[in-house]
2 protein chains.
Amino acid sequence: MKAAERQLRIRQMLETRDFVDLETLCRELDASESSVRRDLDMLEEEKVLRRVYGGAVSTETPPARAFDYNVETERLSTEKDRIARVAAGLIEPGQTVILDGGSTVAAVARELSTKSLHIVTNSLPIAESLETLRNIELTLTGGYLDPRLRVMLGPFCEQMLGAIRADAVIMGVGSITETGFCNNNTLVVGSEQKMIEIAGKVIIVADHTKFGRGGMIPVAPLNAADIVISDRELAPEYVELLRANGVEVLLA
Amino acid sequence: MKAAERQLRIRQMLETRDFVDLETLCRELDASESSVRRDLDMLEEEKVLRRVYGGAVSTETPPARAFDYNVETERLSTEKDRIARVAAGLIEPGQTVILDGGSTVAAVARELSTKSLHIVTNSLPIAESLETLRNIELTLTGGYLDPRLRVMLGPFCEQMLGAIRADAVIMGVGSITETGFCNNNTLVVGSEQKMIEIAGKVIIVADHTKFGRGGMIPVAPLNAADIVISDRELAPEYVELLRANGVEVLLA
DNA sequence: GTTGCCGTTCAGCAGCCTTCATCGTCCCTC
DNA sequence: GAGGGACGATGAAGGCTGCTGAACGGCAAC
């Protein structure tokens, strides 16, 4: 890849995250450390970013949106990032991928931002983080906009989902128990069930704190998932449980 | 392949990606390195692109989207605000109102923000400006997200609109001539035609500069509108023309 | 002290520019 | 209508420029 292209891609990446590390850049851009360093130097010259130890941070001050959403984004962000990277690694260029709402899935969206994809989502934050990228064709489901979750839901959303097919869905969940995946909002559950129905491969992303919580609305039994991605702190019995249900488990 | 055709193809390629490398161009255009270099030089002369080591980058600045929208928002903002206030005055609390994209309609959205309403829109900027309001229930159409206009369009959008009914639609247009209302984007026209179909009352907002422009895609004949709202500088012959077609005209 | 990151240096080579021969087209002449 | 010259466009070749990746020593972080 050429210097100009690399620098454009770095700019793009900084639109969706505010820190990029050198190792990731080398991998994503398929270039040597030296070249990436030079690119970062040039972009720093242009005030696009600021070099820091281990990578670079965006100089763009983000418009600081959303309250709850950011807090949830911060919590466990490193686990989330690792989970997100693994999830993104399962997606091939050119695929159609459904992303549902939630901060873990938003992290996946960030990791997907360099691939050439068709993304279908009902999440406004995810749409906003991807809409400027030229390599991503973005389709939104319609529906009632939940003001707290910033996600489109309800019959219109489900009807729209019913009209499409996708290679994969990447979904967060509220909780996971032996009885299956759960969530805590009727409308969210409805759209998630539809997403599972229309996607070739169902990928669930959930950090270990999601396991064993109870008392919510069931979305699907465990065997509805093809792959579950969690972090290394996940208790072994859950790994066993999932594998016994024919689910592939990846620990990031 | 001739030089003119090659250059056209290069322009097209730059619409969907922001960097093209020489090797790819040679392959895609089936031409020698020298010829492609010459083409790039000429296109650089025309400011279509900028030559960089290994290829060329588009001179179209991607962040132009946001700023275009802002420029258009600034232009005539006082006329727009007055038009918006009149339009908002036509809406009763409790109604279901469709808002299409465009800066004039965005101004109407601001004016509507104190009423208790159900708003249906395909515009992301409008959705963002209304989403936090507790008195407004917001439903978005789905569809392909046009990255420049930030509006959802296409068959999914139209299908979703086809499933609902609304008390009124408030619409901007690209131009108004004696033959009817026009716009300059095929997909936008499709969704606007659907909006007109499903709305009880069709309200067009258009400052006087929109009148008499030509050469765009027809949306609907003049008599498709119930009310057209413009500003006081609108030439009297257009007022006459609209009234002759059974359209109520309000000048803000 | 160890690890990981940084900046520098340097050989290798990809890409650039210039030059030139070739080809096709157009127009003029006979 | 055929022949020939001028012209522009094309692609190949050669020398030069500067980008790239690997290696290495130094320094910050832990």
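Chain identifiers are assigned alphabetically (A, B, ...) following the order of the sequence lines, protein sequences preceding nucleic acid strands; residue numbering begins at 1 within each chain.
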Peer 1: Under 4.0 Å between any heavy atoms, over every strand shown, what does V52(A) touch: base, sugar-phosphate, or nothing? Just pick one.
Peer 2: sugar-phosphate
Peer 1: Please determine whether a side-chain nitrogen of the Lys or Arg among R51(A) and D41(A) lies less than 4.0 Å from a carboxylate oxygen of the Asp or Glu.
Peer 2: yes
Peer 1: Measure the shortest side-chain to side-chain distance between F181(B) and P218(B) over non-hydrogen atoms and say whether it is less than 4.5 angstrom.
Peer 2: no
Peer 1: Quick one: does S35(B) reach the base of dA9(D) with a side-chain donor-acceptor pair under 3.5 Å?
Peer 2: no
Peer 1: Expressed as a whole number of angstroms, how long is the span from D39(A):CG to dC19(D):P?
Peer 2: 11 Å
Peer 1: Would D231(A) and R82(A) pass as an ion pair if we require N to O under 4.0 Å?
Peer 2: no
Peer 1: Using only heavy-atom distances, decide whether a donor-acceptor pair under 3.5 angstrom links the side-chain of R38(A) to the base of dG21(D).
Peer 2: yes
Peer 1: Counting only side-chain nitrogens and oxygens, does K2(A) get under 4.0 Å of the OP1 or OP2 atom of dG15(C)?
Peer 2: yes
Peer 1: For M42(B) and dA9(D), give me the distance from atom CE to atom P, rounded to whole Å.
Peer 2: 7 Å
Peer 1: Distance criterion of 3.5 Å, no angle test: do you see the side chain of S32(A) paired donor-to-acceptor with the base of dA22(D)?
Peer 2: no
Peer 1: Are T121(B) and S123(B) close enough that a side-chain donor and a side-chain acceptor fall under 3.5 Å?
Peer 2: no
Peer 1: Is there a donor and acceptor pair, one atom on the side chain of Y53(A) and one on the base of dA29(D), closer than 3.5 Å?
Peer 2: no
Peer 1: May I ask you to decide whether E44(A) forms a salt bridge with R50(A), counting only side-chain N to carboxylate O separations under 4.0 Å?
Peer 2: no
Peer 1: Using whole Å, what does the distance between atom P of nucleotide dC16(C) and atom CZ of R50(B) come to?
Peer 2: 14 Å
Peer 1: Within this structure, what is the CD-to-C1' distance between E23(A) and dC5(C), rounded to whole angstrom?
Peer 2: 12 Å
Peer 1: Which nucleotide sits closest to the side chain of R51(B): dA22(D), dC16(C), dA13(D)?
Peer 2: dC16(C)
Peer 1: Record whether the side chain of R37(B) comes under 3.5 Å of the base of dG11(D) through a donor-acceptor pair of N or O atoms.
Peer 2: no
Peer 1: How many Å lie between CG on D41(A) and P on dC6(C), as a whole number?
Peer 2: 10 Å
Peer 1: Rounded to whole angstroms, how far apart are CZ on R27(A) and C1' on dG21(D)?
Peer 2: 19 Å
Peer 1: Expressed as a whole number of angstroms, how long is the span from L22(B):CG to dC19(D):P?
Peer 2: 16 Å
Peer 1: Send over the distance from M1(A) CE to dG21(D) P, rounded to a whole Å.
Peer 2: 11 Å
